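Excluded from the calculations below are hydrogen atoms, water molecules and symmetry mates; all remaining heavy atoms, backbone and side chain alike, are included. Every value quoted in this text rests on a predicted model; they were computed, and no experiment measured them.
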Amino acid sequence: MRHVLIIDGLNLIHRARVAMGESENGCTFAALRSVRSLVERFKPDVAYFVLEGVPRRRIEASEGTYKAQRSSMDDSFWNQKRQITDIISRHLPVIVTRHADYEADDVIAHLAQKHHHDDRVTIVSTDTDFTQLLQTDNRRITLYSPIKDIFVEAPPYDYVRWKALRGDGADNIPGIPGIGDKRATTLVTEEGALEAYFTKKPDTRAIFEHNLSMIGFEDLAETWVGTTFSEPARQNDKLRGNLQDLGIMSLTNDKTWPKWIASFDRLWMQFLSQAA
């Protein structure tokens, strides 16, 4: 059984931006440092860096309100995102993965449940939606929260049904009015409580069913062929030169560089042997 590391790419990049503020190329530096740290810590046999596509079905189903509340990032952020994606996809043995029509969450779920169904999987993200994967197979799939530095544990209730009642402010999915965390927990844990609630308030069932379809992961079985995977080449000197051109000297000086690049040696060996 191989160990597969799946990094929620945009999630990591946003954390890197917060850590480094507005410093020039600071987000790029922090993101690459984080990727190296994760590879060093988990020592995977396969590693992915998963990026976002456009969740067309969810946008249409919500009439354009899905995640519409999120503020846009400035040009500096998007330029550094492109830098990070380009460097990883061309020079590191971490496979940059994306499907144009789905969110990273859906791609990650397919990788963990289907593509690597016989492997041990560690997902790195602060997104609590991945909790639902733990409830399908928490012995094979683990979720690591890098901010809290903990492995997340699945709650003792159906997380998707709970969240469908409660709503998801982060994704701009309104919950059922009057239902908070405690009420939602009661409704999904007490036998017959949820159906009794819908009998009393039948108009809320449609909200619940809609939210279920928005929160649960998409089935990519028929469209997985549209997923793209990077094909990096081991060109350490070229990578070092690219980082130096960006002014990222703390990773590329004579003392740091050998240690930084050596962190990927084992993963390169695995990557090259599988590609052969």
Salt-bridge present (Glu103, Lys67; N to O < 4.0 Å): yes

side-chain contact (heavy atoms from CB on, under 4.5 Å) between His3 and Asp119, worked out: CA-CA 6 Å; His3 183 197; Asp119 298 320; over 6 Å; no

Close side-chain approach of Thr122 and Leu143, heavy atoms under 4.5 Å: no

Interatomic distance, Arg58 atom CZ to Ile215 atom CD1 [nearest 0.5 angstrom]: 9.5 Å

Residue pairs, two or more places apart or on separate chains, that pass ring pair (Phe, Tyr, Trp, His ring centres under 6.0 Å) and touch residues 35-77: His14-Phe77, Phe42-Tyr144, Tyr48-His116

Thr227-Tyr102 side chain donor-acceptor pair, cut-off 3.5 Å: no

Interatomic spacing from CD1 in Ile123 to OG in Ser145 - rounded to 0.5 Å: 12.5 Å

From Thr204 atom OG1 to Leu194 atom CG, the distance as rounded to the nearest 0.5 Å: 8.0 Å

Spatial distance of atom CG (Leu212) from atom CD1 (Ile207) [nearest 0.5 Å]: 12.0 Å

Note: Asp8-Arg15 ion pair, threshold 4.0 Å (strictly below): no

Met214 side, atom CE; Asp129 side, atom CG - distance, nearest 0.5 Å: 11.0 Å

Short side-chain donor-acceptor distance under 3.5 Å, Asp101 and Thr223: no

Distance in Å, Leu32 CG paired with Gln83 CD, rounded so as to fall on 0.5 Å steps: 9.0 Å

Plane angle bin for Trp257 and Trp260 - parallel if under 30°, tilted between 30 and 60°, otherwise perpendicular: parallel

Side-chain H-bond candidate by donor/acceptor type, Gln80 with Ser76, under 3.5 Å: yes

Asp74/Arg17 ion pair, N-O < 4.0 Å: yes

Glu52/Arg98 salt bridge by N-O under 4.0 Å criterion: no

Ion pair Arg205/Glu195, N-O distance below 4.0 Å: yes

Side chain to side chain, Leu239 and Leu92, heavy atoms closer than 4.5 Å: yes

Sub-4.5 Å side-chain heavy-atom contact between Trp162 and Thr185: yes

Ring pair (Phe, Tyr, Trp, His ring centres under 6.0 Å): pairs with one or both residues in residues 177-197, sequence neighbours excluded: none

Centroid separation His99 to Trp224 less than 6.0 Å: no

Side-chain donor or acceptor of Ser89 paired with backbone N/O of Thr85 under 3.5 Å: yes

Asp171, Asp181, Asp168 screened by salt bridge (charged side-chain N to carboxylate O under 4.0 Å, His left out) with Lys163, the one that passes: Asp168

Salt bridge Arg240-Asp254, side-chain N to carboxylate O under 4.0 Å: yes

same_hphob_cluster(Val121, Leu267) at 4.5 Å side-chain heavy-atom cutoff: yes

Enclosure of Gln235 CD (heavy-atom neighbours >12, cutoff 6.0 Å): yes

